[in-house]
Protein chains: 2
Amino acid sequence: MSDSRSRTRPTLEAVAEHAGVSRATVSRVVNGSPGVRRPVRQRVERSIAELGYVPNQAARTLVTRRHDAVAVIVAESETRLFGDPFFGTHLRGMSLELTAADCQLVLLLVENRRDYARVGRYLAGQHVDGALMFSLHEDDPLPAMTRQAGLPTVFGGRPIRQMDEDTIYVDSDNRGGGRLAVQHLIALGRRRIAHITGPLDQTSATDRLLGYQDILPDADPSLLAHGDFTRAGGERAMAQLLDAAPDLDAVFVGNDLMASGALTVLHERGKRVPEDVAVVGFDDIESIALWTDPPLTTVRQDVEEMGREMTRLLLRLLAEGPEGLTPAIMPTRLVRRASA
Amino acid sequence: MSDSRSRTRPTLEAVAEHAGVSRATVSRVVNGSPGVRRPVRQRVERSIAELGYVPNQAARTLVTRRHDAVAVIVAESETRLFGDPFFGTHLRGMSLELTAADCQLVLLLVENRRDYARVGRYLAGQHVDGALMFSLHEDDPLPAMTRQAGLPTVFGGRPIRQMDEDTIYVDSDNRGGGRLAVQHLIALGRRRIAHITGPLDQTSATDRLLGYQDILPDADPSLLAHGDFTRAGGERAMAQLLDAAPDLDAVFVGNDLMASGALTVLHERGKRVPEDVAVVGFDDIESIALWTDPPLTTVRQDVEEMGREMTRLLLRLLAEGPEGLTPAIMPTRLVRRASA
DNA sequence: CACAGATGTGAGAGCGCTCCCACCACAGGG
DNA sequence: CCCTGTGGTGGGAGCGCTCTCACATCTGTG
């Protein structure tokens, strides 16, 4: 390893001189273009290795207008973000797929008003080729921002207001999953089946509710309570349900985090799970569902695969344009454990 | 908003022409350099707004050799990463501080051998100004990589083998925290105090063990068990301890995640907490410690603040060089809940 | 053996910006 | 009234790369 390297990095020019060829030829070798003869290619490759040449990304971007980077925008309150492994798992799926494509992941966390302005500036500033964003709430201005900046974008979860026909997103089959959960409870012989929803400004919450209503269109309204996808929200909603409908014998909870809160309240109120009240969650987050008491029966969605699929769609969008791309709906399935 | 904007973005040149000044003057205005007269500055600012000019980052980087971006490198197995909100909280602290400095966060997840090569290439490729990395294991090649690439780096957690005198890191006072935990258990009148360690190739684990040994230098070796900072590891270690030392009356567990696993095992074995066995964790991760049964007494470290401090140190390192920068040790404190 | 066509290589422009230096005012002192 | 000094502005080079196009070389065919 030459020490001089750390001083000034070698440029294409330097490699060209060292190999006795032109800049253009070195560029061809570096970028793997065809039409360089074997001996020349090998000579260049040796020079590259010898000098420790690494292309300057900025110079490349300047002319190609490609950045080989995408923004992952996460707009979510702190609580949800860090109590819930959903986020990390999603991110991992994206990271896997992006690195396979030699594309960088620029993470933008958005928490307040000021952040929106900053992110807007960033997106307009042509730093990235595209954007991925997930778990948007109804009034979120982010989609308008990427659209304004002309940035190809793929959403995680169906946006509540689709910007236009060809909005591309990846979603779980939340409605189908909701049906699965309720059907399972019915098969168990339960008749007073309650539901704790997530925040109704997210389609993941409303779709799960629709699934519940598909199976139980005439359910007693007192069997419905609203949570916010947090554990504390699940506790509140469960308490409320037990007050309004003490005879309930099952509850389908909108996500695992709320379900774990619900279990706590059920224990406190002396209800046995699943004997008195059967509980089904949604997500199958292992660090929660495997560790509740009893372990949670839940609807599994493959979050990492969703992250991967989002990324694959974005990469195709960047490479080939929007033609033929359609939203992807990922299947869900019931995972039986002890709680129902 | 002019539509033409989306076609070809205006350049400095265009703004200069529009405002009737030279490129250099526009550049001065954009970068806030002094020495531009009021009327001229205002004219330029108006043109910038009117044309919707946004500087091209690549062109700027090409000449300044600054990227206004830092890499955050996370080398950790999936389990630890996403079961443990530690990661997200850390990231949030970094994000807050970086965005305040108008600096981008490029996230690099490292999971296997191949990833190391890729990350090495990326770091050598001059995409970022510096790097942040945390929770390294003993033999991790990452520090050598950033060093080789000449990238200023700040570590989260004291590296087990410091690369040299002036390695800059931020760490919790793990040893002091360990002492706090054990002293608390002694004050409670406990006499057979066990310890479940984390993976001993991380200083956070060894330092907590040292804290335990500071207070109990002659502890019975059967009161020591090794975990790996995962919930399952905590279960295994707790079971092992109960077998080896059935008379233990307290356990200081190396982190909250393992402590929650230990609690499960204690319940299974019919031990009452805290009556039979008092339990103290470490980290104070709210989504765990508040929700265990009983809620966990634990040693609090402010993870978000650690992330912020790491970032502040890195930004100072980038701006002013290493002179006068020293590692930061963040205080820990005991948070009393019901488990001890 | 000349010539069209394929194939490989090099020269040069230019991406959008910063920064050095030259230039031009207009002060004020000799 | 000339000359030096200061503050403001413009000209131009150049960062490291890609890409077009012209040119050199090498086939194969009439």
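Naming convention: chains lettered A, B, ... in sequence-line order (proteins, then strands); numbering from 1 in each chain.
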Report yes if at least one side-chain N or O of A:Ser22 is closer than 4.0 Å to OP1 or OP2 of C:dT9; otherwise report no.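 No, A:Ser22 has no side-chain N/O under 4.0 Å of OP1/OP2 on C:dT9.
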With respect to the phosphate group of C:dT18, does any side-chain polar atom (N or O) of B:Arg66 fall under 4.0 Å of OP1 or OP2?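 B:Arg66 to C:dT18 OP1/OP2: no side-chain N or O under 4.0 Å.
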Between A:Asp102 and B:Tyr122, do the side chains contain a donor N or O and an acceptor N or O under 3.5 Å apart?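 No, because no side-chain N or O of B:Tyr122 sits under 3.5 Å from a partner of the opposite role on A:Asp102.
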Using heavy-atom distances to pick each residue's nearest nucleotide on DNA chain D, tell me which of B:Arg28 and A:Val63 is more 5'.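 Per heavy-atom nearest nucleotide, the more 5' residue is B:Arg28.
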Could you pull out the closest heavy-atom pair between A:Met330 and A:Val170, with the gap in Å?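 So the minimum-distance heavy-atom pair works out to CG-CG1, 3.8 Å.
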Do the side chain of A:Arg92 and the main chain of B:Leu109 share a donor and acceptor less than 3.5 angstrom apart?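 No, because the side chain of A:Arg92 does not come within donor-acceptor range (under 3.5 Å) of the backbone of B:Leu109.
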Would the distance check show the side chain of A:Asp129 and the main-chain N or O of A:Val70 forming a donor-acceptor pair, the cut-off being under 3.5 Å?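 No, the answer is negative, given that no donor and acceptor are paired below the 3.5 Å cut-off.
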Measure [atom1]/[X] against [atom2]/[N] and give the value in whole Å, please.
X: A:His67; N: C:dG16; atom1: NE2; atom2: C1'; value: 12 Å
X: A:Gln57; N: D:dC17; atom1: CD; atom2: C1'; value: 10 Å
X: B:Glu13; N: C:dC15; atom1: CD; atom2: P; value: 9 Å
X: A:Arg41; N: C:dG8; atom1: CZ; atom2: C1'; value: 12 Å
X: B:Arg60; N: C:dT18; atom1: CZ; atom2: C1'; value: 9 Å
X: B:Arg23; N: C:dG14; atom1: CZ; atom2: C1'; value: 12 Å
X: A:Asn56; N: C:dG16; atom1: CG; atom2: P; value: 17 Å
X: A:Gln126; N: C:dG16; atom1: CD; atom2: P; value: 11 Å

Can you figure out which of [options] approaches the side chain of [X] most closely?
X: B:Thr25; options: C:dG16, D:dT9, C:dT18; value: D:dT9
X: A:Asn31; options: D:dG10, C:dG10, D:dT18; value: D:dT18
X: A:Val21; options: C:dC17, D:dC26, C:dG10; value: C:dG10
X: A:Tyr53; options: C:dT9, D:dC17, D:dG10; value: D:dC17
X: B:Leu62; options: D:dT9, D:dC15, C:dT9; value: D:dC15

I want to check something: taking the side chain as every heavy atom from C-beta on, are B:Ser22 and B:Thr25 in contact at a cut-off of under 4.5 Å?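 They are in side-chain contact.
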